[in-house]
There are 2 protein chains.
Amino acid sequence: MSLPHAILTALLDEDLTGYALAKQFDVSLGFFWQASHQQIYRELKGLHSMGGVNVLEVPQHGKPDKRVYSLTNQGRQMLDSWITQSTRHRGAKDELFIKLFNVGSVPIEQVTEAVKQRQIEHVRRLELYRKIEARSYASPSTLPDRKKGVYLSLLAGIRQEQTAVTWCDDALNLLATVKP
Amino acid sequence: MSLPHAILTALLDEDLTGYALAKQFDVSLGFFWQASHQQIYRELKGLHSMGGVNVLEVPQHGKPDKRVYSLTNQGRQMLDSWITQSTRHRGAKDELFIKLFNVGSVPIEQVTEAVKQRQIEHVRRLELYRKIEARSYASPSTLPDRKKGVYLSLLAGIRQEQTAVTWCDDALNLLATVKP
DNA sequence: CGGTACATGTAATCTGTTACATGATTCA
DNA sequence: TGAATCATGTAACAGATTACATGTACCG
C-alpha cells in the first residue's frame, strides 16, 4: 500500500494530471517505483474520495478535458504519518537469478546470452543516470534541502548500475569456463 | 509467470515437499525470488496438472502426510524452453526512495531513521551472504559447473549489499546537513 | 505449559498487467 | 499517410499478501 503515497509525493512540487503522473512514473520517481497509467487513474480516484487530493477540471479544445490533481493538507498529513511507518521493500524478483540457478542443467549459451543482454540494459541505465547527474546534480554540496533526497536516490541508482555492470563482466568470465 | 520455473529449478537437485520448497524460498533461491507457502502449494497443483512434476504421497504418523514432488522430463523441457525466453525483472519497488523524495517536506529525523534501519538490514544480509560464501564457495575456481550459477548469484548479492551499506553511510552524511 | 517445527490447505483482498476503447492534433 | 503525443478510462486476468484453519510432536 504505497502507490498512493508515491503519487502524493509526486504531487509535492507540482500539480499534475493522471497522464503527467504516469509520465513521471517513467522517469524520476519511476526509476524506483513504476506504475502504469491504469493503476494511477485507479489510485487517484481512491485518493480523491479519501480527501488526499483535489481535482480541478480543465476544459480543453482539441484535446480531452484535463483533471489536474493537487495535494490537500490531508494529503500532506497522510505522507507525514506514512513516513513514520516501517519501510517495506519487496526483494527484487529477477528471473536472471533463476536462470543462473539452472547453469549445468540447461544449455549454457542461453544463460550467457541473458547476462549479456542484461549488461546492455545496465549500461544504458547507467548512462542515463549519469546524464541526469551531470545536468542537475553537478555540485551536490550546494543543493537545496528539498533536492537532497532526490539526489541520494539518483546516487543509489548510479552505484547499483555500476555494481551490476561490473558483476556482469565477472559473471561472463566464469560462465565462459562452463562446459557446454 | 516465473514462479513455476523457480519451483522447477529448486527441484533440479532434490525432491521436495511444498513445505520444504517454501523453506528454500526463504534462503538460497529465495534471496532472489521469494514466495509464500500459499503461492507454492497453488503452483504445485498447476505444475502437477501440467505434467511438470510428479507427486509421491508419503503417509506419516504423528505428522500430516507428505506430498513429495519431483521433476519430470517434461518439467526439464519446460525449463529448457523458458531459458530461451526474454528475462524479465520488475524493478525493485522500494519505499525508501519514496521517503527520500519527501526530504524537505516531512520531518527529516524520520527519513534518517529509515535509512539507519535499512543499513542494519543490509549489514545483516551481507554477513549472512559472506558466511555462506566462506562455508560453501571458498574457492570459486574449482567449483563444479552445476554450482557456478549459484555462486554468481551469491556474488551479486554480496556486491549489492556492500554497495548499499556504503551508500547508506553517504546518505546519512548528506541527510545530516538537512535543516529540521 | 508454551513455543516452534512439521505439513497442508482455503478464502478474501489487494496489486499489477494486458487488452481494449476513443479521439483530436502535431510532426515527419 | 502514418506515427507519436495528449488525455481519459473499463474489463479481465494474473500474481501476491493477509487472514483463517487444523493438528501432532518435541523441546525447554
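Just so you know, these numbers use all the heavy atoms, side chains as well, and skip hydrogens, waters and symmetry mates.
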- prompt: What is the distance from CZ of Phe25(A) to C1' of dT17(C), rounded to the nearest Å?
  reply: 16 Å
message: If you define the side chain from C-beta out and look only at heavy atoms, does anything of Leu79(A) sit under 4.5 Å from Leu12(A)?
response: yes
query: Between atom CD in Gln34(A) and atom C1' in dT15(C), what is the gap in whole Å?
result: 14 Å
task: Between dA7(C), dT5(D), dT17(C), spot the one nearest the side chain of Lys66(B), thanks.
output: dA7(C)
task: Compare side-chain N and O positions of Gln60(B) against OP1 and OP2 of dC6(C) and report whether any pair is under 4.0 Å apart.
output: no
task: Starting from P on dT15(C), measure out to CG on Leu47(A) and report it in whole angstrom.
output: 12 Å
- prompt: Quick one: which of dG15(D), dT18(C), dC6(D) gets closest to the side chain of Lys23(A)?
  reply: dC6(D)
field: Any Tyr41(B) side-chain N or O less than 4.0 Å from OP1/OP2 of dG9(C)
entry: no
query: Given atom CH2 of Trp33(B) and atom P of dT17(D), what is their separation to the nearest angstrom?
result: 11 Å
- prompt: Base, sugar-phosphate, or nothing: which does Thr17(A) touch, judged by heavy atoms less than 4.0 Å apart?
  reply: sugar-phosphate
query: How far apart are the C-alpha atoms of Thr9(B) and Asn102(A), what are their side-chain angles, what is the distance that settles it, and do they pass the side-chain hydrogen bond (donor to acceptor under 3.5 Å, both in side chains) test?
result: CA-CA 6 Å; Thr9(B) 299; Asn102(A) 274 273; 2.9 Å; yes
- prompt: For the pair made of CG in Leu44(B) and P in dT8(C), what is the distance, rounded to whole Å?
  reply: 9 Å
- request: Mind telling me whether Trp82(A) and His5(A) have parallel, tilted or perpendicular rings, with 30° and 60° as the class edges?
  value: parallel
statement: Whole-Å distance, Asp65(A) CG to dG9(D) C1', equals 14 Å
message: Less than 4.0 angstrom from a charged side-chain N to a carboxylate O is my criterion; do Lys23(B) and Asp26(B) meet it?
response: no
Any Arg88(A) side-chain N or O less than 4.0 Å from OP1/OP2 of dT18(D): yes
statement: In short, His48(B) meets Val53(B) closest at the heavy-atom pair CD2-O, 3.2 Å
- prompt: Quick one: is Gln39(A) getting a side-chain N or O under 4.0 Å of the dT15(C) phosphate, OP1 or OP2?
  reply: no
statement: Ranking Tyr69(B) and His37(A) by the position along DNA chain C of their nearest nucleotide, the one closer to 5' is Tyr69(B)
task: Find the distance Ile40(B):CD1 to dT10(C):C1' and express it as a whole number of Å.
output: 16 Å
field: Short side-chain to backbone donor-acceptor contact, Asp65(B) and Glu57(B), under 3.5 Å
entry: no
- line: Taking dT10(C), dA7(D), dA16(D) as options, the one with an atom nearest any side-chain atom of Tyr19(A) is dA7(D)
message: Using a 4.0 Å heavy-atom cut-off, does Gln38(A) contact any base of the nucleic acid, only the sugar-phosphate backbone, or nothing at all?
response: base
message: In whole Å, I'd like the distance from the CG atom of Asp26(A) to the P atom of dA4(D).
response: 15 Å
message: From the set dG9(D), dG9(C), dA7(C), return the single nucleotide nearest to any side-chain atom of Arg67(A).
response: dG9(D)
- request: May I ask you to say what Arg42(A) touches in the nucleic acid, namely base, sugar-phosphate or nothing, with a heavy-atom cut-off under 4.0 Å?
  value: base
- request: Output the single nucleotide from dT10(D), dT15(C), dT18(D) whose closest atom is nearest the side chain of Ser36(B).
  value: dT18(D)
query: Distance check: side-chain N/O of Lys93(A) vs OP1/OP2 of dA16(D), anything under 4.0 Å?
result: yes
